[in-house]
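Everything on this sheet refers to the single structure shown next.
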Amino acid sequence: MAINRADYVSDSDWKKVLKFSEKLETPCVIINLEVIKQNYLNLKKNFPFADIYYAIKANPHDEVISMLAELGSSFDIASRYELDKVLRLQVSPDKVSYGNTIKKARDIAYFYEKGVRLFATDSKEDLKNIAENAPGSKVYVRVLMENTSSADWPLSRKFGCHPDMAYDLIITARNLGLVPYGISFHVGSQQRDIDQWNEALVKTRYLMDSLEEEDITIQMINMGGGFPAHYVTPANELEDYAKEITRYLQEDFGEDRPRIILEPGRSLVGDSGVLVAEVVMVSKKSNTALFKWVYLDAGVMNGLFETIGESIKYPIITSKDGAGVKTGEVVIAGPTCDSMDIMYEDYKYTMPKSLKAGDRVYFLSTGAYTSSYASVEFNGFPPIKTYILK
């Protein structure tokens, strides 16, 4: 399918990207910080009542974290390594949530020693570890969301617990001397069905009402992430999400709404990136094959992991695009010696028939989960480099 680049990157920004990247070795990702800044400000505008905890796994670049910290963001982090990074960048530990429900007891102790007092959980074993290694801390219990198939990158059953178990965990947290602070959920990444938040909030309201009977007042709801970046598959704009979710909150909680936390990742940084790749080879599998294969120096293992299952469909353009250029449908694959290193085979992109080795291919909206998902040394290929657009 034909991609209109201007729908994703403005003419002025595109000129900057081309000039900045013309001498860079591929593959690489170029990040426009101004896009992230505007996305953050737009999120604050649409959810003025919410506290933002940026999920740094989406893009952990130092300049991204530093800029968001300056704007007032807090941070959702998943490991002691992410904690060390944000502390090194002068983020205060009271602006940090340990949002990973799967963690070692010694890592909980490490976070507590560094001053973190907000922890996620979804199991008895983890809760006991928090009580022993982070006494008196605030905990929030993650509720399992099973109907996330309408998201482009659905979440599995790996995270969260049934509301009945969440109820038990919150009571246990109180009995262990912890602060039963909140309830969290995540409706799936790149979630295009806004009603999923309504279903989650209804469950949360019911759970909170049940806990009131045990004299436990939940003070916080962590609604996770899920807001979209702009890919090929259409999604509503953030304003539409905000309008509906705010209505759901009003219907379920009225003026007694607890503290609301959002954990955006993709929606903040996704649109900021352009992944620049080079064509390694264009070939056919037989003399009568209908489709050419375009092999790039970036692939599933090196920046494009979210193309697994063709889940995320990035806007793609090439250096040969132009009016009147003859195009054909292609299969797009990466450079490694692994048969799963195929980005798009069923979903057919069109590319110029004149495309050849050395030409450049640009994946738009690749600011999230590209460099952070990339392998370190598969087939000896180095990790994809990230550059900040200057």
Side-chain angles (χ1 to χ4, degrees), residues 50 53 55 57-58 76-79 97-104 108 118-131 137-176 178-214 216 218-228 241 244-245 248-249 252-253 258-266 309 311 369:
Y53 279 68
K57 62 186 178 182
D76 166 57
I77 60 180
S79 70
S97 166
Y98 196 173
N100 194 348
T101 61
I102 304 163
K103 45 194 180 289
K104 298 175 181 177
I108 294 170
L118 184 58
F119 295 82
T121 192
D122 65 1
S123 68
K124 293 179 181 179
E125 292 74 13
D126 182 63
L127 189 61
K128 290 176 182 177
N129 284 337
I130 296 173
S137 293
K138 297 176 179 178
V139 294
Y140 58 96
V141 176
R142 180 164 174 172
V143 177
L144 179 66
M145 296 299 297
E146 298 182 277
N147 299 319
T148 64
S149 59
S150 53
D152 286 357
W153 194 260
L155 300 180
S156 70
R157 293 173 54 83
K158 180 178 179 181
F159 303 105
C161 60
H162 189 276
D164 288 348
M165 177 172 277
Y167 175 89
D168 293 339
L169 289 176
I170 290 170
I171 293 175
T172 301
R174 179 187 61 183
N175 296 340
L176 291 173
L178 296 166
V179 178
Y181 185 62
I183 295 168
S184 75
F185 58 81
H186 199 301
V187 298
S189 190
Q190 194 71 10
Q191 176 59 260
R192 287 177 284 111
D193 179 6
I194 303 177
D195 192 54
Q196 291 296 317
W197 276 269
N198 187 34
E199 182 179 333
L201 287 169
V202 169
K203 286 184 179 179
T204 301
R205 174 79 265 187
Y206 178 80
L207 182 55
M208 289 174 63
D209 288 344
S210 299
L211 290 164
E212 288 281 358
E213 298 177 6
E214 298 293 333
I216 295 176
I218 295 300
Q219 302 174 56
M220 180 271 284
I221 300 174
N222 183 332
M223 297 198 299
F227 303 134
Y241 284 77
E244 291 302 301
I245 292 170
Y248 301 151
L249 286 167
D252 290 327
F253 299 96
R259 180 190 182 194
I260 301 297
I261 284 178
L262 301 176
E263 291 178 344
R266 186 186 309 278
S311 296
Y369 302 108

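Treat the numbers as computed from the prediction; the structure is a model and nothing was measured.
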> Where the side chain of Asp76 meets the backbone of Ala55, is there a donor-acceptor pair that is under 3.5 Å apart?
Replying inline: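 Absent.
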Provide the closest heavy-atom pair for [X] versus [Y] in the form atom of the first, atom of the second, distance.
X      : Y      : result
Ile130 : Ala120 : CD1-O, 3.9 Å
Val141 : Cys161 : CG1-SG, 3.9 Å
Ser97  : Tyr140 : OG-OH, 2.7 Å
Pro228 : Gln190 : CA-OE1, 3.1 Å
Ile216 : Pro180 : CG2-CG, 4.0 Å
Thr121 : Thr101 : C-CG2, 3.9 Å

> With a 4.5 Å limit on heavy-atom distance, are the side chains of Arg142 and Phe159 in contact?
Replying inline: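 Contact flag for Arg142/Phe159 side chains = yes.
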>> Side chains of Leu211 and Met208, heavy atoms from C-beta outward: is any pair under 4.5 Å?
In response: no
>> For a side-chain contact (heavy atoms from CB on, under 4.5 Å) check, start with the C-alpha distance between Leu178 and Thr172, then their side-chain angles and the critical distance, and finish with the verdict.
In response: CA-CA 9 Å; Leu178 296 166; Thr172 301; over 6 Å; no
Drop me the distance from [X]'s [atom1] to [Y]'s [atom2], to the nearest 0.5 angstrom.
X      : Y      : atom1 : atom2 : answer
Asn222 : Tyr53  : CG    : OH    : 9.0 Å
Ile260 : Ile245 : CD1   : CD1   : 10.0 Å
Asp122 : Ile102 : CG    : CD1   : 7.0 Å
Ser137 : Leu176 : OG    : CG    : 12.0 Å
Lys57  : Ser79  : NZ    : OG    : 11.5 Å
Ile183 : Leu169 : CD1   : CG    : 11.0 Å

>> Is there a side-chain contact (heavy atoms from CB on, under 4.5 Å) between Thr204 and Val143? Walk through the geometry before answering.
In response: CA-CA 8 Å; Thr204 301; Val143 177; 5.6 Å; no
> Would Lys203 count as a cation-pi partner of Phe185, with NZ or CZ less than 6.0 Å from the six-membered ring centre and within 45° of the ring normal?
Replying inline: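 So Lys203 doesn't make the cation-pi contact.
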> So Tyr248 and Val202, side-chain contact (heavy atoms from CB on, under 4.5 Å) or not? Walk me through it.
Replying inline: CA-CA 9 Å; Tyr248 301 151; Val202 169; over 6 Å; no
> What class does the angle between the rings of Phe119 and Tyr98 fall in, given that below 30° is parallel, 30 to 60° is tilted and above 60° is perpendicular?
Replying inline: tilted
>> Pair Leu201, Met223 - check side-chain contact (heavy atoms from CB on, under 4.5 Å), show working.
In response: CA-CA 9 Å; Leu201 287 169; Met223 297 198 299; 4.1 Å; yes
>> I'd like to know if the side chain of Ser189 pairs up with that of Arg266 as donor and acceptor (distance under 3.5 Å, no hydrogens or angles considered).
In response: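 Distance-only check passes for Ser189 and Arg266.
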> Can a donor-acceptor pair be found between the side chains of Tyr167 and Glu214 at a distance below 3.5 Å?
Replying inline: yes
>> Heavy-atom count check: over 12 atoms from other residues, nucleotides or ligands less than 6.0 Å from Met165 CE?
In response: no
